[in-house]
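Reviewing the structure listed below.
Excluded from the calculations below are hydrogen atoms, water molecules and symmetry mates; all remaining heavy atoms, backbone and side chain alike, are included.
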Amino acid sequence: MKRRVVVTGLGAVTPIGNNVEEFWSSVKEGKCGIGPITRFDTSDYKVHLAAEVKGFVAKEHMDFKAARRMGLFSQYAVAAAKEAFADAGIDMKQEDPYRVGVIIGSGVGDLQACEQAEGKILSSGPSRVNPFTVPVMIANMAAGNVAIVLGARGKCTSVVTACATGTNSIGDAYRVISYNDADVCVAGGAEGCICPVGVAGFSALTALSENPDPDRASIPFDKERSGFVMGEGAGILVLEELEHAKRRGAHIYAEVVGYGSTCDANHITSPLEDGSGAAKAMELAMEEAGIEPKEVTYINAHGTATHHNDLFETRAVKKAFGDAAKDVVINSTKSMIGHLLGAAGGVEAIVCVKSIEEGFIHQTIGTTGTDEECDLNYCIGAPVEKPVTYAMSNSLGFGGHNASLLLKRFE
């Protein structure tokens, strides 16, 4: 029998707060985390803005020596996972470690390690490359490092589905617990690639906004949108089997009730023009939850502020929701924190959970006027305060990956 899965812990490192309390407070204020890139000289670049994490000091969250052997994305993941685990109040001494899993992905891994290794080869020869280059670089190391820090010996995997990574990770963790492969799973995404290769690569794709105004650079669904702003950080949730959580007396934030995952099988970067792949993921999530589209209060959209994504995602919502599309409240957290790539789905799932908890749906900041076909309620101009029973989080990734997660107020 399929088991019920609930959310009992939250952890975040973001461009507008290095823990969940700071992050959510900034979200409610409509704070913008976008600013000039400080990590390297962008004089020769067309793009000069990003949404960097500010004031993060790794040794405040983990052993200093261990941190030196982690990439930035792994450091963010460990910090957020420790916060989520502490928030959940789980005592590993009371748990079977083989029933506690970790599913944390990264869309890219550590590009900085690649850059540094290449620089060292060119300047000093291959024998001078740091022996930890590969363990720092590879994308599964966020999951591996978190498992080591927490002592979690259950299923430990790393999803890599580009910008759908965080949502797929949480969805897979939901499945693992639902079908009794674990009782607890730490899940989400982490990213930290605001570096020359990352910015130059996405810029060459013409995917990044070149707008120099931080308040108008990431403007999802706006008629003047021109691309996404690169962000970084981590969003981690603790998922737990319901009866296990109740026996511990855990605080339950919300319940995970549906998950849909599809592929466009169409183009390496562009979604299907009719939105049918993303629509199917949303439909599958609602079908699993056993609800009608009219019951969904809120959608946290992928909403990247690229022309194709916002237009095609709007078509997808209309296709999946039919007449109910005009009534559902939609927003994009990327308007505040940019696009966290593989971490986006993790952070945006936290927004959904907090929206359910507080009945608060944040505005899509920066966006002022939408184009003709982006004609749904994108929460422009002011937040919406209303009870949220069902919240959906959408993530779409290069390669055609679509993932939709459906969360419900716990009853």
Side-chain angles (χ1 to χ4, degrees), residues 107 159-172 174-175 205 207 220-223 225 227-228 256-332 334 339 341-342 344-345 348-349 352 364 370-378 390-407:
V159 175
V160 181
T161 50
C163 305
T165 293
T167 300
N168 279 135
S169 296
I170 296 166
D172 286 2
Y174 163 60
R175 289 275 184 267
L205 272 175
F221 306 105
D222 195 290
K223 60 187 176 183
R225 66 190 184 275
F228 74 82
V256 185
V257 291
Y259 170 50
S261 183
T262 66
C263 182
D264 289 341
N266 172 63
H267 189 273
I268 57 171
T269 59
S270 177
L272 282 164
E273 289 193 23
D274 66 356
S276 56
K280 186 64 175 180
M282 289 183 255
E283 290 166 5
L284 290 170
M286 290 186 284
E287 181 181 317
E288 182 172 24
I291 66 168
E292 298 295 323
K294 64 183 178 181
E295 296 179 74
V296 178
T297 312
Y298 161 50
I299 299 173
N300 188 296
H302 190 54
T304 60
T306 61
H307 178 270
H308 280 9
N309 175 88
D310 295 1
L311 177 59
F312 301 163
E313 187 177 7
T314 295
R315 291 174 181 172
V317 171
K318 291 177 179 178
K319 191 175 187 69
F321 280 73
D323 291 340
K326 66 181 183 299
D327 298 319
V328 65
V329 182
I330 303 168
N331 65 13
S332 174
K334 293 179 180 70
H339 191 353
L341 308 179
E348 289 157 12
C352 287
T364 301
T370 61
D371 63 33
E372 185 175 335
E373 199 172 339
C374 290
D375 56 357
L376 300 177
N377 178 7
Y378 305 113
Y390 289 96
M392 177 178 283
S393 182
N394 288 339
S395 294
L396 319 177
F398 283 177
H401 307 289
N402 306 301
S404 292
L405 197 67
L406 193 61
L407 298 117

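In plain terms, the two heavy atoms of L405 and A349 that are nearest each other are CD2-CB, 4.4 Å. Among all heavy-atom pairs drawn from H308 and P271, the shortest one is CB-CD, 4.5 Å. Heavy atoms only, all atoms of each residue included: A278 and S404 are closest at O-OG, 4.5 Å. When every heavy atom of A320 is checked against every heavy atom of M286, the shortest pair comes out as O-CE, 3.9 Å. Of all heavy-atom pairs spanning V160 and G107, the tightest one is CG1-O, 3.9 Å. Between E313 and F221, the shortest heavy-atom distance links the atoms OE1-CZ, 4.4 Å.
For S395, the side-chain hydrogen bond (donor to acceptor under 3.5 Å, both in side chains) criterion is met by T167, not counting sequence neighbours. With sequence neighbours left out, H307 forms a ring pair (Phe, Tyr, Trp, His ring centres under 6.0 Å) with no residue at all. A search for side-chain hydrogen bond (donor to acceptor under 3.5 Å, both in side chains) contacts involving H267 returns T269, not counting sequence neighbours. Checked against ring pair (Phe, Tyr, Trp, His ring centres under 6.0 Å), H339 has the following partners two or more places apart in sequence or in another chain: F228, H302. With sequence neighbours excluded, no residue forms a side-chain hydrogen bond (donor to acceptor under 3.5 Å, both in side chains) with T370. With sequence neighbours left out, T297 forms a side-chain hydrogen bond (donor to acceptor under 3.5 Å, both in side chains) with no residue at all.
Screening D310, D222, T314 for a side chain to side chain donor-acceptor pair (under 3.5 Å) with Y378, the sole residue that qualifies is T314. For the side chain to side chain donor-acceptor pair (under 3.5 Å) criterion with N402, the lone passing option out of T262, N168, N394, T161 is T262.
Of the charged side-chain nitrogens involved, none lies within less than 4.0 Å of a carboxylate oxygen, so that E283 and K319 do not count as a salt-bridged pair. Ion pairing between E373 and K318 fails under the 4.0 Å rule for side-chain N and carboxylate O.
Here the CD1 atom belonging to I330 is positioned 8.0 Å from the CZ atom belonging to F321, to the nearest 0.5 angstrom. Here S276 contributes atom OG and R315 contributes atom CZ; the two are 11.0 Å apart, rounded to the nearest 0.5 Å.
At most 12 non-hydrogen atoms from other residues, nucleotides or ligands lie less than 6.0 angstrom from CD of E292. Within a 6.0 Å sphere centred on NZ of K326, heavy atoms belonging to other residues, nucleotides or ligands number more than 12.
The side-chain heavy atoms of I291 and V257, taken from C-beta on, include no pair separated by under 4.5 Å.
With hydrogens and angles left out, the side-chain atoms of N331 and T364 include no donor and acceptor closer than 3.5 Å. Side-chain atoms of S393 and N300 form no donor-acceptor pair, as typed in the model, at a separation below 3.5 Å.
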Go through L311 and R225 one step at a time and tell me if the side chain to side chain contact (heavy atoms under 4.5 Å, CB included) criterion holds. CA-CA 11 Å; L311 177 59; R225 66 190 184 275; 4.0 Å; yes
Could you walk me through whether I299 and M392 satisfy the side chain to side chain contact (heavy atoms under 4.5 Å, CB included) test, starting with their C-alpha distance in whole Å, then the side-chain angles of each, then the deciding distance to 0.1 Å, before giving a yes or no? CA-CA 5 Å; I299 299 173; M392 177 178 283; 4.3 Å; yes
Verdict with supporting geometry, D264 and L396, side chain to side chain contact (heavy atoms under 4.5 Å, CB included): CA-CA 10 Å; D264 289 341; L396 319 177; over 6 Å; no
